[in-house]
Q: 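Sharing a structure here in structure tokens format.
Since we're looking at a predicted model, the values are computed, not measured.
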Amino acid sequence: MNSHIFPAFVVSFKDTANVHGSNRGAPVSSSMRPRSPWMSFPSLMSVLSGMLDPRIMSMVSKSFADFQRHRITREQMIRRTRQLVGDDLLSSVIKTHQKELTRGLARRA
């Protein structure tokens, strides 16, 4: 039956609220939270600024600014950051940050 239908065009829709990986204003369910150590990009940028060569940090900052202006996707920004900074340093910074958060929460309890 479908072998004789020839569509002239296809229309698709994209949810604009989630174009760049954010769900602005929407509550975060437990299934959406990262299960591995993580930190916000502004915090990551702050820590990396003291560790990286200023030229590399400038490129990372430009990538983050492009993401904020919706010029690139979150995935593109992450890929560029990983290429510029390296997985080992990123992993180390994020894990250290997570340990500090865990210690801070333990002190409050």
Q: Where is the tightest heavy-atom contact between M77 and F64, given as atom of each residue plus distance?
A: SD-CD1, 3.5 Å

Q: When you compare the side chain of L90 with that of L44, does any pair of heavy atoms fall below 4.5 Å?
A: yes

Q: Where do S63 and R80 come nearest, in terms of heavy atoms and distance?
A: OG-CD, 3.6 Å

Q: So, do V60 and F41 sit near enough that their side-chain heavy atoms are less than 4.5 Å apart?
A: no

Q: For M45 and S61, work out which heavy atoms get closest and say how close.
A: CE-CA, 3.5 Å

Q: Could you list the residues that satisfy salt bridge (charged side-chain N to carboxylate O under 4.0 Å, His left out) with R79, not counting sequence neighbours?
A: none

Q: A side-chain contact here means heavy atoms from C-beta on lying under 4.5 Å apart; do L52 and L84 qualify?
A: no

Q: S43: which residues meet the side chain to side chain contact (heavy atoms under 4.5 Å, CB included) condition with it, sequence neighbours left out?
A: M39, S40

Q: Between M51 and V47, what is the shortest heavy-atom contact and its length?
A: CG-O, 3.6 Å

Q: Would you say S91's side chain and D88's backbone share a donor-acceptor pair under 3.5 angstrom?
A: no

Q: Restricting to non-hydrogen atoms, name the atom on T73 and the atom on F67 that form the minimum distance, rounded to 0.1 Å.
A: C-CD1, 3.9 Å

Q: Quick one: does any side-chain atom of T96 pair with a main-chain N or O of S92 as donor and acceptor, under 3.5 Å?
A: yes

Q: Okay, side chain of S46, backbone of P42: is any donor-acceptor separation there less than 3.5 Å?
A: no

Q: Supply the atom-to-atom distance I56 CD1 to L48 CG, rounded to the nearest 0.5 angstrom.
A: 10.5 Å

